[in-house]
Amino acid sequence: MGKVLGDVPGLAAGVAISPLPIIAIILLLATPRGRLNGLLFTAGWILGLSALGALMLAIASPAGASSHNHPATWVGVLKLALGAFLVLFGARQWHRRPKDPSQAQLPKWMGAIDRLTPVKVFGLGVALSALNAKNAPLTLAAGAAIGSAGLPVGQQIASLAIFVLIATLGLLAPLGVFLLGGERAKTTLGNWKEWAARHNTAVMAVLFFVIGLKLLGDGISILTS
């Protein structure tokens with residue numbers, strides 16, 4: 001389990017540092033139902049990550065992700081494919097980043113975020129976790145890493161829970177500030193939102209590239225050992 005705990009936190013941190021979901025929850029916290037919306041969005045996020053990770057574990061165990069406590073060949077191929085995707089996508093994001101961060105624009109759907117029903121807020125949390133172009137590959141990679149370690153089911157579940165917890169810290173931070181920060185919370189969250197909006201593309205590009213290189217290295221290591 002030690003090797004898994006060495007791999008999982010890095011992948012989870014890559015999910016946690018997601019500017020768009022952080023901006024989304026800050027905007028939701030500023031709505032009239034801020035407390036409820038923030039909790040629903042976070043719950044949807046957790047469900048999305050847990051479901052996708054559990055799906056990968058369900059596929060990995062019967063498919064023989066581990067052979068004599070060593071990751072199977074297909075796990076190496078999967079990590080290579082995910083790594084290549086992230087590196088290429090990161091390069092594309094870097095090329096498309098605004099030259100002037102102050103000119104960065106948020107997605108148009110965020111303009112209607114204050115009109116979302118509770119069900120749609122929950123669904124948004126699920127979508128931004130499980131269907132996100134960065135988060136989905138990282139969650140799949142984490143599931144493959146856990147499934148290929150040859151762990152008992154209980155330890156697999158515990159490892160996935162650790163991944164989800166770390167991956168949710170990016171949302172828990174603004175939620176905690178909102179619930180406990182009092183009058184200063186609005187100013188603090190506003191500053192966070194502005195910074196995340198300005199640097200979203202650059203941060204995502206760097207994360208894509210760095211984590212993609214790590215997955216490429218892991219895949220090569222599995223296939224050559």
Side-chain angles (χ1 to χ4, degrees), residues 7-30 38 41-42 44-46 48-49 52 79-114 124-142 163-178 181 185-219:
D7 291 338
V8 164
L11 297 170
V15 176
I17 306 172
S18 299
L20 281 184
I22 293 173
I23 295 171
I25 193 172
I26 291 174
L27 292 174
L28 288 167
L29 291 171
F41 182 79
T42 304
W45 173 275
I46 292 172
L49 292 178
L52 189 58
K79 288 193 171 186
L80 271 179
L82 293 175
F85 169 77
L86 289 176
V87 168
L88 292 174
F89 204 82
R92 179 173 176 267
Q93 289 286 94
W94 183 260
H95 179 72
R96 295 178 61 185
R97 77 190 190 285
K99 302 303 180 183
D100 182 359
S102 65
Q103 301 300 315
Q105 296 182 344
L106 294 175
K108 292 182 179 179
W109 58 263
M110 283 192 172
I113 206 167
D114 59 336
L124 180 63
V126 174
L128 288 180
S129 62
L131 304 179
N132 183 283
K134 172 176 68 69
N135 296 342
L138 295 181
T139 304
L140 291 174
F163 169 82
V164 172
L165 175 61
I166 296 174
T168 309
L169 292 178
L171 301 187
L172 293 178
L175 183 60
V177 168
F178 175 80
K186 184 175 181 180
T187 300
T188 301
L189 293 177
N191 291 336
W192 289 5
K193 180 178 75 69
E194 182 179 350
W195 187 93
R198 288 189 174 203
H199 302 286
N200 167 56
T201 305
V203 169
M204 293 291 287
V206 172
L207 284 174
F208 276 129
F209 197 75
V210 172
I211 298 175
L213 287 178
K214 180 187 183 304
L215 290 178
L216 282 174
D218 290 346

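Values in this document were obtained by computation on a predicted structure and should not be read as measured data.
Here the closest heavy-atom approach between residue Ala84 and residue Leu216 is recorded as N-CD2, 3.6 Å. Here the closest heavy-atom approach between residue Met204 and residue Pro19 is recorded as SD-CD, 3.6 Å. Residue Ser129 comes nearest to Gly44 through the heavy atom pair OG-O, 4.0 Å, listed as atom of the first residue, atom of the second, then distance. Across all non-hydrogen atoms, the minimal contact from Phe178 to Ala185 is CA-CB, 4.1 Å. Across all non-hydrogen atoms, the minimal contact from Leu11 to Phe163 is C-CE1, 3.9 Å. Considering every non-hydrogen atom in both Ala205 and Gly90, the closest pair reads CB-O, 3.5 Å.
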Evaluation steps, side-chain contact (heavy atoms from CB on, under 4.5 Å), between Trp45 and Val15: CA-CA 11 Å; Trp45 173 275; Val15 176; 3.6 Å; yes
I would like to know whether Leu20 and Leu128 meet side-chain contact (heavy atoms from CB on, under 4.5 Å); could you show each step before the answer? CA-CA 8 Å; Leu20 281 184; Leu128 288 180; 5.6 Å; no
Step-by-step side-chain contact (heavy atoms from CB on, under 4.5 Å) determination, Leu80 to Leu215: CA-CA 6 Å; Leu80 271 179; Leu215 290 178; over 6 Å; no
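Taking CG of Leu28 as the reference point, atom CG of Leu124 lies at 6.5 Å (rounded to 0.5 Å). Put simply, CG on Asp218 and CG on Leu82 are 11.0 Å apart, with the number rounded to the nearest 0.5 Å. Atom CZ of Phe209 and atom CD of Gln93 lie 13.5 Å apart (nearest 0.5 Å). Of the inter-residue distances, the one linking Leu171 atom CG with Ile25 atom CD1 reads 4.5 Å to the nearest 0.5 angstrom. Atom CG of Leu140 is separated from atom NZ of Lys79 by 12.0 Å, given to the nearest 0.5 angstrom. Rounded to the nearest 0.5 angstrom, Ile166 CD1 and Leu49 CG are separated by 12.0 Å.
Side-chain contact check for Phe41 versus Leu175: every heavy-atom pair is 4.5 Å or farther apart. Considering only heavy atoms from C-beta on, Leu86 comes within 4.5 Å of Leu138 through its side chain. Residues Val203 and Trp195 have side chains in contact (heavy-atom distance under 4.5 Å, counting atoms from C-beta outward). Counting only heavy atoms from C-beta outward, the side chains of Ser18 and Asn132 never approach each other to under 4.5 Å. When side chains are defined from C-beta on, Thr168 counts as touching Thr42, because their heavy atoms get closer than 4.5 Å.
Of the listed residues (Thr187, Ile23, Val177), just one forms a side-chain contact (heavy atoms from CB on, under 4.5 Å) with Trp192, and that residue is Val177.
Taking a 6.0 Å sphere around NZ of Lys214, one finds it holds more than 12 heavy atoms contributed by other residues, nucleotides or ligands. Under a cut-off of 6.0 angstrom, the local environment of CZ in Phe85 is crowded, with over 12 non-hydrogen atoms contributed by other residues, nucleotides or ligands.
The main-chain N or O of Gly14 is found under 3.5 Å from a side-chain atom of Lys134 such that the two form a donor-acceptor pair.
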